[in-house]
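Nothing here was measured: the structure is a model prediction, and the numbers come from that model. Numbering of ligands and ligand atoms starts at 1, following listing order.
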Amino acid sequence: MQGLRAAVAGKEILRGVDLRVRSGEVHAVMGPNGSGKSTLAHVIMGRPGYEVLAGSITLDGVDLLALAPWQRAAAGLFSAMQYPTEVPGVALADMLEEALVAVGRGGGDVAGRMRREAERIGFDERFLSRPLNVDLSGGEKKRNETLQLGVLQPSIAILDEVDSGLDIDALRLVARRVEAETEERGLGVLAITHYRRLLKELRPDVVHVLSRGRIVARGGAELADELETTGYAGYAESDGAGPNRERPDGDGPMNGNAR
Ligand code: ADP
Ligand code: MG
């Protein structure tokens, strides 16, 4: 994506984001609460209510911004959102069948693949026939999303805080599952996370720091280690006052750090 600017509810949240994820690469996006990380994920997926003001997003040369959300998914984009939606009345198995049919890969042994995926990430099989995400714990929803990724085999996956709600063992299984996809199939990953823990198994090629809608720092995996000890103080005003702290535009101390 290039020069991406986007607004929510009339307010500009993303203020010029450049980012390129190649096949097989893992990119981590970190940053304070309210910096626009989830907005970035929603804009890439084309969620209604997010208005693109400028810039481009392409996948293998295809202009994603011209496509409806389902067309983006058919083009190979997958997302695991921070707060997965509960969909009463739709079973996971049916949803996956339909999604595979939509990309011309229906008719296979979806049930078998779901069972194998469930086993790999320690997801209880009895959840497979339940309505999508209904009555699942936070961690179970995240495993559910990872299972979908394993079955759908996208080319790019956006993971928004997939680590939240997962216990240590589940986190390891999920991170390893995604890492395996990057190695075996060349999946490209954009992983939004607050914690280095996820990135121990899902090893990032690049770590980006997003602050107030701009990428203000980039580095290798060591940047995530550094942030774990220093926080974002060096890149932005303290997040300690709570999320979404406002400042008049353009005078934030992080502007001097922008690259
Ligand atoms: P992050 O994921 O980095 O914590 P978000 O992308 O969720 O941050 O939010 C960035 C900013 O956009 C916040 O100030 C948030 O309040 C605002 N925002 C996000 N979604 C909406 C919405 N639907 N309506 C109004 N404001 C929103
Ligand atoms: Mg978020």
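- The environment of Arg20 atom CZ is sparse: at most 12 non-hydrogen atoms of other residues, nucleotides or ligands sit within 6.0 angstrom.
- Ionic pairing of Arg130 and Glu140 is not present here: no N-O contact between side-chain nitrogen and carboxylate oxygen is shorter than 4.0 angstrom.
- Electrostatic pairing of Arg113 and Glu117 does not count as a salt bridge here, judged by no charged N lying under 4.0 Å from a carboxylate O.
- The N/O atoms of Ser35, backbone and side chain alike, include one that comes under 3.5 Å of an N/O atom in ligand 1.
- Nearest approach of Glu145 to Phe78, heavy atoms of both residues: O-CZ, 3.3 Å.
- Applying the 4.0 Å criterion to heavy atoms of Tyr50 picks out, from ligand 1, the atoms 20 (N).
- Within the 4.0 Å heavy-atom criterion, both parts of Thr39, backbone and side chain, lie near ligand 1.
- Within ligand 1, the atoms closer than 4.0 Å to a non-hydrogen atom of Asn33 are 4 (O), numbered from 1 in the order shown.
- For ligand 1, the polar-atom distance check against Val8 finds no nitrogen or oxygen pair separated by under 3.5 Å.
- Counting heavy-atom neighbours within 6.0 Å of Gln2 CD, excluding the residue itself, gives a total of 12 or less.
- Atoms of ligand 1 found under 4.0 Å from any heavy atom of Ser38, numbered from 1 in the order shown, are 1 (P), 2 (O), 6 (O), 7 (O).
- Listed by first then second residue, pairs satisfying side-chain hydrogen bond (donor to acceptor under 3.5 Å, both in side chains) with a partner in residues 54-72 number zero, not counting sequence neighbours.
- A salt bridge links Arg196 to Asp225: one of the charged nitrogens lies within less than 4.0 Å of a carboxylate oxygen.
- Interatomic distance, Gln153 CD to Leu149 CG, rounded to the nearest 0.5 Å: 9.0 Å.
- Remark: the Asn144 side chain and the Gln148 side chain contain an N/O donor-acceptor pair separated by less than 3.5 Å.
- The side chain of Ala9, and not its backbone, has at least one atom closer than 4.0 Å to an atom of ligand 1 (non-hydrogen atoms only; side chain from C-beta on).
- Within the protein, the N, O or S atoms lying under 2.8 Å from the Mg ion (ligand 2) are Ser38 OG, Gln82 OE1.
- With a 6.0 Å cutoff to the six-membered ring centre and a 45° limit on the axis angle, Arg197 counts as a cation-pi contact of Tyr195.
- Taking only nitrogen or oxygen atoms, main chain and side chain alike, Gly36 reaches within less than 3.5 Å of ligand 1.
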